[in-house]
Amino acid sequence: MTGPATATGRPAEALPAPWALLAEVTHACPLHCPYCSNPLELVRKSAELSTDDWARVFAEAADLGVVQSHVSGGEPLLRPDLPEIVAAAHRAGVYTQLVTSGVGLTAARLDGLADAGLNSVQLSVQDAGRVGSDLIAGSASYTAKERAAEVIRASGLPFGLNVVLHRHNLDNLPEIIELGARWGAGRIELANTQFYGWALRNRGALLPTRDQLDRAKATVAAQRADGGPELVWVMPDYYEGLPKPCMGGWGMRSITVGPDGTALPCPAAYAIPDLAPPNVRDKSLSWIWTESAAFNAYRGTDWMTGPCDGCPRRETDFGGCRCQAYALTGDAARTDPACSLSPDHHLVRDPVGEAVQAPEPARPAPSAFVYRYPS
Ligand code: SF4
Ligand code: SF4
């Protein structure tokens with residue numbers, strides 16, 4: 001038996017259930033990272049969803065099959081109602097991880113969140129030391145992060161550290177891993193910069209050399225052999241000639257809900273102008289997942305043209321990242337330029353070549369970056 005047809009004629013039962021929700025509860029943040037994954041046009045506080053809206057989103061997400069969520073921002077601790085939001089997720093049976101810069105995380109606040117049902121915490125740090133971390137964050141935040149790490153460790157909640165890697169901190173990777181172990185993180189996500197939005201705007205300042213990446217890869221292999229925190233490391237697509245199956249394929253695993261209720265298959269998809277994303281204020285998450293044009297736009301392989309159409313990897317990487325295709329070519333339906341078979345591959349290959357030619361990085365001046373600020 002097949003279910004009701006969706007906007008694309010696909011039977012509803014043919015769709016996988018989403019299992020993850022990225023809940024961007026605010027775009028406000030005391031930091032200004034030049035690679036921030038928030039859109040260039042940040043949502044104002046006055047447009048944010050209410051506590052009740054988020055409770056409904058979590059209940060609908062759970063009904064759809066979502067089992068885990070990242071409660072993120074911006075800085076989610078800037079929402080005074082964060083315990084109520086976490087409690088709503090907990091009531092719905094959704095695992096919640098707080099994704100935080102650490103600024104504003106006191107023992108009392110974390111106790112309140114744990115009492116509300118928070119399951120784990122991911123803390124970000126920008127470099128292994130105060131000077132580098134504060135430079136990249138565009139704010140004096142390292143001391144707050146040190147204190148936050150103490151608070152998280154003392155809470156006993158599972159603790160992950162997230163570090164976005166680029167030209168100006170890759171050479172400090174041994175010290176970054178040592179910092180994570182010293183702070184008590186059980187897992188360290190070494191997230192090579194993805195060049196969308198703010199990071200694309202700062203690409204010239206952030207692109208690493210291949211030598212830096214090769215040294216970092218060797219460091220990760222050596223540290224894994226020595227034990228210690230779990231290390232998550234993926235080579236960046238710019239340097240592999242092969243795109244990533246972004247988000248496990250468009251509209252296949254995950255839903256992002258932004259601060260104003262905009263629902264997207266991927267946080268970077270804000271930038272695709274003709275997507276007309278639905279909003280949870282107007283439609284249920286079930287309708288958004290199964291029926292909306294935005295979630296169906298690049299699902300599966302039917303939308304593909306050459307060279308993806310007919311390529312043996314099309315069910316593996318789904319043609320790569322739609323947001324990267326749009327950001328670099330102006331057409332979200334083109335093959336991801338990270339792929340060496342893409343006719344647009346020079347849009348990735350040339351800047352990588354320039355980064356490789358550039359001298360080994362010295363500590364940059366703040367003027368090297370366009371920091372993330374509301375426009
Ligand atoms: S990447 Fe930096 S600026 Fe962006 S939300 Fe996270 S801490 Fe804030
Ligand atoms: S041509 Fe398309 S499907 Fe084939 S490897 Fe490149 S991006 Fe993937």
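Order of listing sets the numbers, starting from 1, for every ligand and every atom in it. Quantities reported herein were computed from a predicted structural model and do not represent experimental measurements. One-based numbering along the sequence shown.
There is a protein heavy atom closer than 4.0 angstrom to atom 8 (Fe) of ligand 1.
Open room surrounds CZ on Arg147; 12 or fewer heavy atoms of other groups in view lie less than 6.0 Å from it. Within a 6.0 Å radius of NE2 in His345, more than 12 heavy atoms belonging to other residues, nucleotides or ligands are found.
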What do the steps show when you test Ser101 against Glu75 for side chain to side chain donor-acceptor pair (under 3.5 Å), and what is the final call?
CA-CA 6 Å; Ser101 69; Glu75 175 47 70; 2.7 Å; yes

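Here is the list of ligand 1 atoms found below 4.0 Å of a heavy atom in Cys29: 3 (S), 5 (S), 7 (S), 8 (Fe). Counting the atoms of ligand 1 from 1 in the order shown, those under 4.0 Å from a heavy atom of Gly74 are 5 (S).
A ring-ring contact (aromatic ring centres under 6.0 Å, His included) check over residues 32-78, counting only residues at least two apart or in different chains, returns the pairs His32-Tyr373, Tyr35-His166.
Take a cut-off of 2.8 Å around atom 6 (Fe) of ligand 2: the protein N, O or S atoms inside it are Cys339 SG.
Hydrophobic clustering (ILVMFWY, side-chain heavy atoms < 4.5 Å, transitive): Val103 and Val99 are in distinct clusters.
A tilted orientation is assigned to the rings of Trp183 and Tyr142, their planes being inclined by 30° to 60°.
Using a 3.5 Å distance cut-off with no hydrogens or angles, the side chains of Thr209 and Arg167 do not pair a donor with an acceptor. For the 3.5 Å distance criterion, the side chains of Glu60 and Ser284 fail to qualify, holding no donor opposite an acceptor.
Using 4.0 Å as the threshold, Arg372 has a heavy atom nearer than that to some atom of ligand 1.
Regarding atom 4 (Fe) of ligand 1, its nearest protein heavy-atom neighbour is Cys36 SG, 2.3 Å. At the top of the distance list for atom 2 (Fe) of ligand 1, counting protein heavy atoms only, stands Cys33 SG, 2.3 Å.
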